[in-house]
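Both counts, for ligands and for their atoms, begin at 1 and track the order of listing. Just so it is clear, the values below take in all heavy atoms, side chains as well, and ignore hydrogens, waters and symmetry mates. Quick caveat, the model's predicted, so the values are computed rather than measured.
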Amino acid sequence: MQVIILGSGSPLPDPLRAGPSTLIRTAAGDLLFDCGRAVLMRAAAVASGAGAFRALFLTHMHSDHITDLNDIITMRWAMSLVPNPLSVIGPIGTAALMKATEAMLEPDIGYRLAHHDDLQWRPTTNVTEASGGIVFEDGIVRVSAALTDHSPVRPTLGFRVDEGGRSVVIAGDTVPCAGLDELCAGADVLVHTTVRRDLIEQFALPRLMDILDYHSSVADVARTAARSGVRSLVLTHLVPAPALGTEKEWIDQAQAHFDGEVVVASDLLTLEVTG
Ligand SMILES: [Zn+2]
């Protein structure tokens, strides 16, 4: 199993960091978690793409995590030679989101159906709304979900991918919570969105200060990893994006609370999850 960080950025546009998105390459195919800005550009760099995603998992519907949902729907449909429904698994509200996105795409769907004689079907999605439990199973690959705490954004999910004794958790945006601890128990890798509390408090801008109460700081993330016996921690969705050369500050802050490996994500960072 491979973990590929497609986008390590946040809502703030950054020339080096695409929006939040993580690809888990498994025996059951490419599983995509969230689909932030430029997700398909980054997927193209690792020979994946809209038509190749086995399933799309959404942690929540904050705009930065779903910016390019419409691009995935359109490319999967318009570039396919046969109907190829997209499986989408997310929290309650995902079905309404898919319906609204498809409505937004209606003019484009009409243009393409009218123009391409061999394109005779509309884009289709199979949506599963979940609040926990096993949400995907194929052979040795299993994905489970649990409710997390990103209040006042509700509901939100974290996910855990298990394959042949190896495991990866995608936390999404959350503060430390029981649901996430449950997913993380004994996991090999935890991919967690992270904010630098110390830097944000220095800026002291009200709009930025607001993000502190529903995201995990570096220390929060590290304590979650330590409490659950996680082996490797990947910090992603970095706010603010680290200036070049300052990644070690993030690692040092995490290692004050966690003994395992700590990695600061960059786009296309790839980790092999082995025994
Ligand atoms: Zn969020």
R54 with D30: basic N within carboxylate O range, under 4.0 Å: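 Salt bridge flag = no for D30 with R54.
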Point-to-point distance, once rounded to the nearest 0.5 Å, from OG1 of T274 to CZ of R166: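 Going from the OG1 atom of T274 to the CZ atom of R166 covers 7.0 Å.
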E247 side, atom CD; L238 side, atom CG - distance, nearest 0.5 Å: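 So the CD of E247 and the CG of L238 are separated by 9.0 Å.
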For the Zn ion (ligand 1), the closest N/O/S atom belonging to D173: OD2
Of all N/O/S atoms in H62, the name of the one nearest the Zn ion (ligand 1): ND1
H150 ring center within less than 6.0 Å of H62 ring center: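 Judged by ring-centre distance (under 6.0 Å), H62 and H150 do meet the cut-off.
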N/O/S from H215 sitting under 2.8 Å away from the Zn ion (ligand 1): no
